[in-house]
Amino acid sequence: MLRLLGAVLLTGGAGMMGFGAAARLNRRVRTLRLLTEALERMERELSFRLTSLPELFTLLAGHIAPPVGKFFACCRDSMSHLGEERLEDLWRNALAASDLDLGEEEHQILETLGGILGRYDGEGQTQALALARTQLERCLEAATVERDRMGKVYGALGLAAGIFLVIVFL
Amino acid sequence: MNRGMTEGADVRFRQAAALLPSRLRQAAERLSREQQRQVEELRLRNGYPITVSGPEGEQVIPGCEQQPLTERDLAQVLEIATQASAHTVLEQVRNGFVTVKGGHRIGICGSGVVRDGEVCNLRRLSSLSIRVARSLPGIAARILDGLTVNGVLQSTLILSPPGGGKTTLLRDIIRAVSDGDGVTPMRVGIADERGELAAMYDGIPQLNVGRRTDVLDGCPKGTALLMLLRGMNPQVLAADEITAPADCAALEAAANCGVTLLATAHASSGGDLCARPLYRHLLEAGIFRRAVLIQGGGKERTYQVKRLEGGAVC
């Protein structure tokens, strides 16, 4: 009975690790999709309404689902520290504090964007947003391919590893 | 100053000081209450310590003598003032100033970026001047009688040299007419091109312009006057500093629709006004019935109401 329970736990644990890795791939795709959606909205707001950044952050915090919505809420809340820190730093801090689960490349794209937001005219900023969106869309495509290719593999590998360990220990 | 006015002055100073980076804000807030109330401008120059100017001239804020400002400090003031949204005020920056929350005006100096013969931005900031907004409710009371016939306001042009207090007086006349304070209450439309009259922020006037007042800010005056006329059915239309033929044409169109007009112009006397072709045409057309001449400054300031008849100031 104890052996059976150990076997189930071992298989389940290893399987969970595999499925966890697959879920991370899924999360990354979802985050990137939300980010591109948010940047597109920012572009539209800036080109038609020249919306101020605090208003933009409030809008996105309310309309974009977590974790990206949470990131913008963090940006909105940190605007009260403008006298102490520059927007660029506040944006970077919000990026670090938010659980976006992004890769190095995506982080770099967003950090570069933070250095441009609020500093140039509406047109300059919409161009920067469009560029960042295109780059993130490329990341999204790659992430989708990786998820489709590796998502099921990770789950299966986890389960297989669990079963293998059970066989070895038994 | 009565209690309400001193409290107002305290709040306005705090709002203006909040535009400074934290180290400078803390220094400004260490000024005594009395000194804070007297401050007319906060001046920041690259390479020099921050100063305040008031009735006793310009002096360095105590404790800041050994702290010369850097361009980064100046840029930070603009970042705070615009809430890190330079794109929302670029049109104003081209005119050399930005109006911010509370109606305070930040004058900007730097190197102009010129494109197609026009200044499109300023780079390498060299100095900033934060002018603390002034609101003097009640100053219109002493001249309202002269501006009305049977309690109804007549179209009025306010004249003074630059910095004479035209905008402050116009704002208080608007407030009085809009609230019915001493005159028959009327709906007022303000074409606030530079945002100095009502100082709109988040769609709310930061300075008291009365409760029956509609404000259209950020649009060229001529266009805004016509938009207000078409859309808001105003009984009174107000605009600060009439300077362009398009503004005059819009005022004329409004006058022909039976709307009472309130406006200001740079002029030191009635004769000065008549000598300028732009205004001569308005006077000849009989669009304005009264002129207010502002003379002197500070406590010496006087307001003189004149009747305008047949293109002449009487």
Side-chain angles (χ1 to χ4, degrees), chain A residues 39 41-62 71-95 110-130 132, chain B residues 14-29 42 44 50 70-94 98-101 110 113 115-116 118-125 130 195 200-204 217-219:
Chain A
L39 296 196
R41 194 157 189 159
M42 285 173 92
E43 255 178 88
R44 270 204 305 270
E45 281 289 327
L46 277 172
S47 58
F48 293 115
R49 291 184 59 223
L50 283 180
T51 314
S52 68
L53 288 188
E55 194 184 338
L56 208 48
F57 292 153
T58 306
L59 189 86
L60 295 171
F71 162 65
F72 285 110
C74 192
C75 290
R76 175 199 61 200
D77 298 340
S78 63
M79 289 301 274
S80 57
H81 300 297
L82 257 186
E84 291 130 40
E85 287 182 82
R86 295 178 307 170
L87 176 77
E88 195 177 346
D89 301 324
L90 296 174
W91 173 275
R92 194 182 298 117
N93 294 344
L95 210 49
L110 289 174
E111 275 199 19
T112 308
L113 182 64
I116 292 169
L117 285 178
R119 294 190 64 191
Y120 299 95
D121 62 351
E123 200 185 331
Q125 290 183 70
T126 48
Q127 281 169 0
L129 281 164
Chain B
R14 279 200 299 276
Q15 281 178 339
L19 299 170
L20 300 170
S22 56
R23 124 186 109 82
L24 300 173
R25 183 173 63 233
Q26 284 161 11
E29 284 171 349
L42 293 153
L44 300 94
I50 182 172
T70 61
E71 194 183 347
R72 187 173 167 170
D73 291 321
L74 272 56
Q76 209 171 355
V77 171
L78 283 187
E79 192 173 64
I80 299 167
T82 62
Q83 286 287 289
S85 306
H87 55 282
T88 59
V89 296
L90 218 50
E91 276 301 320
Q92 290 186 57
V93 171
R94 286 168 192 157
V98 178
T99 311
V100 298
K101 187 179 182 182
V113 181
R115 194 178 294 153
D116 300 328
E118 284 189 15
V119 176
C120 62
N121 201 355
L122 291 169
R123 64 190 159 83
R124 304 312 309 253
L125 297 173
I130 304 174
M200 299 299 283
Y201 194 88
D202 282 347
I204 298 167
D217 69 329
C219 300

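Lettering follows sequence order; numbering is per chain, from 1. Predicted model only: the values in this text are computed from it and were never measured.
The OG1 atom of B:Thr82 sits 9.5 Å away from the CG atom of A:Leu87 when rounded to the nearest 0.5 Å. Rounding to the nearest 0.5 angstrom, the gap separating the OG atom in B:Ser85 from the CE atom in A:Met79 is 5.5 Å. Annotation: the span from A:Leu56 atom CG to B:Thr88 atom OG1 amounts to 11.5 Å, rounded to 0.5 Å.
Residues of residues 44-53 of chain A lying within less than 4.5 angstrom of chain B, judged on heavy atoms, are A:Leu46, A:Leu50, A:Thr51, A:Ser52, A:Leu53 in numerical order.
Side chains of B:His87 and A:Arg119 form no contact here, defined as non-hydrogen atoms less than 4.5 Å apart. A:Glu84 has its side chain within reach of B:Arg25: a pair of non-hydrogen atoms, C-beta onward, lies under 4.5 Å apart.
Surrounding CZ of B:Arg124 are at most 12 heavy atoms belonging to other residues, nucleotides or ligands under 6.0 Å away. The local environment of CD in A:Glu111 is crowded, with over 12 non-hydrogen atoms from other residues, nucleotides or ligands closer than 6.0 Å.
For B:Glu79, the parts lying near chain A are the backbone and the side chain together; criterion is any non-hydrogen pair under 4.5 Å.
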